[in-house]
There are 2 protein chains.
Amino acid sequence: MSGGVEWGLHCCVVLSGAGAPVPAAKLAELHDVSQSYLAKQLQLLSRAGLVRSSLGQAGGYVLTRSASEITVLDVIEAIDGAQPAFRCTEVRQRGPLATPAERCDTPCPIARVMAAADRAWRESLRGITIADLVADVSRTTPAEQLDRARAWLRA
Amino acid sequence: MSGGVEWGLHCCVVLSGAGAPVPAAKLAELHDVSQSYLAKQLQLLSRAGLVRSSLGQAGGYVLTRSASEITVLDVIEAIDGAQPAFRCTEVRQRGPLATPAERCDTPCPIARVMAAADRAWRESLRGITIADLVADVSRTTPAEQLDRARAWLRA
DNA sequence: GACTTCCTACTCGGATACTGGCTGTCCGAGTTCTGAGGG
DNA sequence: CCCTCAGAACTCGGACAGCCAGTATCCGAGTAGGAAGTC
């Protein structure tokens with residue numbers, strides 16, 4: 001899985017806490033990552049409609065909807081793409097004992113098993129929202145530190 | 001995910017049906033894939049202890065245990081490795097607002113969510129064995145074709 | 001006929017090049033705010 | 001005092017190199033079986 005997914009999730013968590021647009025440069029500095037590369041991930045989030053960008057001074061990125069309406073899966077699919085990790089190449093239709101295509105109305109058992117596992121994975125991630133992550137962070141970190149983070153974002 | 005996983009699974013299904021060792025070259029011809037590259041995947045299966053190789057004439061690969069005792073996850077982990085797709089880089093410990101390492105006794109919420117999804121994925125794949133795949137194939141393909149395949153393997 | 005020996009053919013195993021996608025970087029297009037100048 | 005306008009600084013967006021895992025390939029090491037030769 002692309003490493004940018006982690007950055008994208010962290011950014012969404014931060015954006016949900018900030019009340020104003022946050023420029024990409026600030027997000028990059030906060031997480032100590034390459035500004036140019038993070039910009040690429042934010043572009044992907046923007047294309048997927050998860051965040052909205054505003055130009056000019058005091059511009060930056062904002063979530064387009066409530067953090068409770070953005071699932072972790074949304075972010076992953078926005079950055080890594082929505083296609084499943086396993087792609088059946090229809091091996092059974094090749095070689096000397098190839099099954100004719102007309103008999104392949106049902107998917108290959110292997111592909112079916114893989115698809116089921118993929119669904120389980122996605123379902124697990126679809127059940128968690130950015131708001132859940134924020135709640136978890138709020139519970140495990142002292143309030144003083146959260147205030148400091150919010151102040152740093154405004155500055 | 002590595003494409004070799006698909007080949008490895010197909011090979012395990014075939015090996016479970018063949019009563020004698022099957023050389024890599026035959027498996028490659030049967031699936032119409034590169035012999036040299038398939039050999040690499042079979043080596044990985046061998047290192048993981050899923051198959052046993054015998055040299056010389058009439059040599060080849062055999063499953064080391066019953067098909068009902070080999071899960072799909074076993075094959076995937078043998079070829080693609082057992083490490084999870086998501087690796088937390090501890091972003092929270094970096095940047096101007098870094099959380100000190102001493103406070104990071106609990107894993108990052110993002111990592112926790114990812115790990116849970118990964119467990120769901122693996123659990124789904126752990127529940128299916130090669131024998132299940134074979135049973136599925138036997139049910140959906142005519143017996144005549146299965147006999148033809150077994151005869152081809154012996155030749 | 002049975003045993004020994006050698007030889008051939010066949011097998012796997014690891015070491016070696018090549019390629020696509022992720023990683024990382026850069027500069028240009030566009031917008032908003034600010035400040036000066038004029039009415 | 002208010003409006004207009006030009007400028008500057010800041011923002012995002014897409015286009016451009018670099019590197020590593022996965023892909024594909026090759027040849028060498030080792031073994032099992034069989035055929036020939038000998039007792």
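Chain naming here is simple, since letters A, B, ... match the order of the sequence lines and numbering starts at 1 in each. The basis for the numbers below is simple: all heavy atoms, side chains too, and nothing from hydrogens, waters or symmetry mates.
- Remark: A/R112 engages B/D136 in a salt bridge, criterion side-chain N to carboxylate O under 4.0 Å.
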Heavy-atom contacts, protein to nucleotides 4-20 of chain D, under 4.0 Å, summarised as B (base), S (sugar-phosphate only) or - (none) per nt, yield ------SSSBB------
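- For the pair A/R122 and A/E77, the salt-bridge criterion is met [side-chain N within less than 4.0 Å of a carboxylate O].
- Going from atom CE of A/M1 over to atom C1' of C/dT23 covers 16 Å, rounded to whole Å.
- Residue A/Y37 places at least one side-chain N or O under 4.0 Å from the OP1 or OP2 atom of C/dT23.
- D/dG22 atom P lies 15 Å from atom CH2 of B/W7, rounded to whole Å.
- One can place CG of B/D32 at 12 Å from P of D/dA24, the figure rounded to the nearest angstrom.
- Looking only at atom types and distance, the side chain of B/Q41 has no donor-acceptor partner in the side chain of B/S2 under 3.5 Å away.
- Between the side chains of A/S68 and A/S66, a donor-acceptor pair is found at a separation under 3.5 Å.
- Across the protein-nucleic acid pair, B/E29 atom CD and C/dC10 atom C1' stand 16 Å apart, rounded to whole Å.
- A salt bridge does not link A/R94 with A/E90: every distance from a Lys NZ or Arg NE/NH1/NH2 to an Asp or Glu carboxylate oxygen is 4.0 Å or more.
- Side-chain atoms of B/T129 and B/E69 form no donor-acceptor pair, as typed in the model, at a separation below 3.5 Å.
- Between B/I79 and B/G8, the shortest heavy-atom distance links the atoms CD1-CA, 3.9 Å.
- Within the cation-pi definition used here (under 6.0 Å to the ring centroid, within 45° of the axis), A/K26 qualifies as a partner of A/W152.
- Of the residues in residues 8-21 of chain B, none has a non-hydrogen atom less than 4.0 angstrom from any atom of DNA chain C.
- Nearest-nucleotide mapping onto DNA chain D: of B/L38 and B/D80, the residue sitting toward the 5' end is B/D80.
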